[in-house]
Amino acid sequence: MSREQERARKKLEQNPIVECNKIQQKYYPALFSMFAEVKDPRNQSYIDYSVKTMLGTLYYKCIGGISSMQEMTRKFNDDKVVENLYSFLGDTKKEYLPHGVTVNEFLERLDSEELEEIQKDIAYTMIRRKTFDCARVMKKWQILIDGTELDEGYQKKNDSYLSRCYHRGESNEFVKYHRSVLEAKLYLGNNLVCSVASEPIQNSEEYVNESEEKVKQDCESKAFARLAEKIKKRFPRLPIIITVDGLYVSQKAIQTCVDYGWDYIIRYKEGSAPSIAKEYQALPEKEKVGSEIEYQNQIMFQKFDVNLIYYTEKKIQANGEEKTTEFAWITSIKITKNNARKIVEAGRNRWKIENQGFNRQKHWQGNIEHACSWNEQAQKNHYLMEQIADFIKQLYEYFYLKKNEIKKLQKNISSELLASFGRQLTKPEDIKVKLHRAELN
């Protein structure tokens, strides 16, 4: 890289939020107009800020990776930040942006379906673009589903929190409370995942006195039925492959997929349904693809015929030793020598909801574990807004940073975006030098 090119890169990085906004305008230009169309739950006689400003402020909080509402109020209490954010939103400038308390009071009354409509529209917009067609698996879209725990503590912030007893029956017994969510993300290739539906795992008194494992399985299982119904309602004709972990090796989960006309790829661990492995091992011969893939179709599991595929992954570690890891999945897709590797690759995609989804939102690009409000409705809306903003940041990272070969640590992306909110904006056309193998947007 020449010094001229390096200097051009540094100029590009002076205003990351400008480039992020340009990516948002290119891939989802309707965002701020969708904010403006959200039904306002407030009394119209006592309104200081428009719905677009309220949601836009929260959106930029998420873009900047700000954890708390108190921190947002402090960071946004700057003349240049106020001027820039109103300019980005295209709304009438006021002296201040809304206070964190004001935003939370708004979110407590806002119907979550309003934000879910934006969540759905973003996914539909991405599906309609030819840009992401290469992510389809055998002409179907992969939806990755997984649950994660959010806020946890010794206080029960509202009635929806689940309880978990530690050291039950012992002298040091104690209870902690947490909230969880079951998330569905559309895989768009290149490590991009777009939230299509989110379902809170609600507290249920029916399971309070059960073991920790029973609470998780029963609650997540019920949430899966609600989430699946939501996905089917939003995408009734979309060809889908549901990809989930071993918790869903169950008649109920498979029946749900069958009823909705979906294919499925489910991570299989022998302890979860030993009858599958037993029947598979009893077969005298198995189909093979190379030395690493082995499979067999039509394995009986309860009332279903499932197809089972094993994959052995070998990697050379830094110390020079070879590490072998075995994976297995059950699927509704008939396995052939031609599609076996595609199924394995699709099954391996499931970890992206943990890495590109939950991990980045917890540790790199924000903190979804932080309870920005004690109110249940506000917590739901905070989470939905995090999903919307995080997807825009993923697009920015891939279509701007990566395409222009600008390397940044994950933990620095949000902080550098936030730092640029208050800068004097410059025009990208002032930069005349083209980057190596990349055009300026």
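The shown structure was predicted, so the numbers you read here are calculated from the model rather than taken from an experiment.
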Original post:
Does Asp146 come within less than 4.0 Å of Arg350, counting only side-chain N to carboxylate O?
Top reply: yes
Original post:
Can you list the residues that meet the side-chain hydrogen bond (donor to acceptor under 3.5 Å, both in side chains) rule with Glu116, with sequence neighbours excluded?
Top reply: Lys230, Arg234
Original post:
Got a donor-acceptor contact below 3.5 angstrom from the Thr331 side chain to the Tyr264 backbone?
Top reply: yes
Subject >> Check: Gln387/Ser198 side-chain N/O donor and acceptor closer than 3.5 Å >> reply: no
Original post:
So how far is it from Trp329 CH2 to Tyr310 OH, rounded to the nearest 0.5 Å?
Top reply: 11.5 Å
Original post:
Side-chain donor-acceptor pair under 3.5 Å between Ser420 and Asn15, yes or no?
Top reply: no
Original post:
Going by an N to O cut-off under 4.0 Å, is there a salt bridge joining Lys222 and Glu220?
Top reply: no
Original post:
Asn339 and Met138: side chain to side chain contact (heavy atoms under 4.5 Å, CB included), yes or no, with the steps?
Top reply: CA-CA 8 Å; Asn339 69 14; Met138 291 169 280; 3.9 Å; yes
Original post:
Counting N and O atoms only, with roles assigned by atom type, does the side chain of Glu149 sit under 3.5 Å from a partner on the main chain of Arg179, one being a donor and the other an acceptor?
Top reply: no
Original post:
Is the backbone N or O of Lys334 less than 3.5 Å from a side-chain atom of Asn297, with the two atoms forming a donor-acceptor pair by type?
Top reply: no
Original post:
Sequence neighbours excluded, which residues qualify as side-chain hydrogen bond (donor to acceptor under 3.5 Å, both in side chains) partners of Glu117?
Top reply: Lys120
Original post:
From Lys393 NZ over to Ile63 CD1, what is the distance, rounded to the nearest 0.5 angstrom?
Top reply: 6.0 Å
**OP:** Using modelled atom types only, decide if a donor and an acceptor are shared between the side chain of Asn84 and the backbone of Phe421 within a distance under 3.5 Å.
**Re:** yes
Subject >> Backbone N/O of Lys252 and side chain of Thr256: donor-acceptor pair under 3.5 Å >> reply: yes
**OP:** Measure from the side-chain N and O atoms of Lys408 to the backbone N and O of Leu401, and report whether any donor-acceptor pair falls under 3.5 Å.
**Re:** no
**OP:** Would you tell me whether Glu292 and Thr312 have side-chain atoms, one donor and one acceptor, within less than 3.5 Å of each other?
**Re:** no
Original post:
Got a sec, which pairs hit ring pair (Phe, Tyr, Trp, His ring centres under 6.0 Å) with one end in residues 370-392, sequence neighbours left out?
Top reply: none
**OP:** With sequence neighbours excluded, tell me which residues meet ring-ring contact (aromatic ring centres under 6.0 Å, His included) with Phe301.
**Re:** none
Original post:
Going by atom types only, do Glu313 and Thr324 share a side-chain donor-acceptor pair under 3.5 Å?
Top reply: no
Original post:
Can you list the residues that meet the side-chain contact (heavy atoms from CB on, under 4.5 Å) rule with Lys140, with sequence neighbours excluded?
Top reply: Pro239, Ile241, Asp263
Subject >> Residues that Trp141 engages under ring-ring contact (aromatic ring centres under 6.0 Å, His included), provided they are two or more places apart >> reply: none
Original post:
Sub-3.5 Å donor-acceptor pair from the side chain of Gln379 to the main-chain atoms of Ser373, do we have one?
Top reply: yes
**OP:** Using side-chain contact (heavy atoms from CB on, under 4.5 Å) as the criterion, list what pairs up with Cys62, not counting sequence neighbours.
**Re:** Met385, Glu386, Ala389
Subject >> Glu294 and Tyr280 side chains, donor-acceptor separation under 3.5 Å >> reply: yes
Original post:
Cation over ring, Arg267 on Phe327, under 6.0 Å and within 45°?
Top reply: no
Original post:
Is there a donor-acceptor contact under 3.5 Å from the side chain of Glu19 to the main chain of Ile23?
Top reply: no
Original post:
How far does SG of Cys194 sit from CG of Leu192, to the nearest 0.5 angstrom?
Top reply: 9.5 Å
Subject >> Sequence neighbours excluded, every pair satisfying side chain to side chain donor-acceptor pair (under 3.5 Å) that has a member inside residues 62-73 >> reply: none
Subject >> Rounded distance [0.5 Å steps], CZ in Phe35 versus CG in Leu115 >> reply: 7.5 Å
Original post:
Does Tyr260 have any ring-ring contact (aromatic ring centres under 6.0 Å, His included) partners at least two apart in sequence or in another chain, and if so, which?
Top reply: Trp262
Original post:
Between the side chains of Asn21 and Gln25, is a donor N or O closer than 3.5 angstrom to an acceptor N or O?
Top reply: no
Original post:
Does anything in residues 233-258 pair up under ring pair (Phe, Tyr, Trp, His ring centres under 6.0 Å), and if so which pairs, sequence neighbours excluded?
Top reply: Tyr124-Phe235, Phe224-Tyr248
Original post:
Which residues pass the ring-ring contact (aromatic ring centres under 6.0 Å, His included) test with Tyr268, sequence neighbours left out?
Top reply: none
**OP:** Start with the C-alpha distance between Lys75 and Ile66, add both sets of side-chain angles, then the distance that settles side chain to side chain contact (heavy atoms under 4.5 Å, CB included), and finish with yes or no.
**Re:** CA-CA 9 Å; Lys75 295 285 189 183; Ile66 299 174; 4.1 Å; yes
Original post:
Do Lys61 and Phe76 meet the cation-pi criteria used here (NZ or CZ under 6.0 Å from the six-membered ring centre, within 45° of the axis)?
Top reply: no
Original post:
How would you list, by chain and number, every residue that makes a salt bridge (charged side-chain N to carboxylate O under 4.0 Å, His left out) with Arg109, sequence neighbours excluded?
Top reply: none
Subject >> Donor + acceptor pair across side chains of Gln142, Asn349 (<3.5 Å) >> reply: yes
Original post:
For the side chain of Thr53 and the backbone of Tyr49, is there at least one donor-acceptor N/O pair under 3.5 Å apart?
Top reply: no
**OP:** Return yes if a side-chain donor-acceptor contact under 3.5 Å exists between Asn104 and Glu108, otherwise no.
**Re:** no
Subject >> Residues Thr336 and Asn338: side-chain donor-acceptor under 3.5 angstrom >> reply: no
Subject >> Non-hydrogen side-chain atoms of Glu114 and Ile118 separated by less than 4.5 Å >> reply: no
Original post:
So, does Asp40 use its side chain to make a donor-acceptor pair with the main chain of Val51 at under 3.5 Å?
Top reply: no
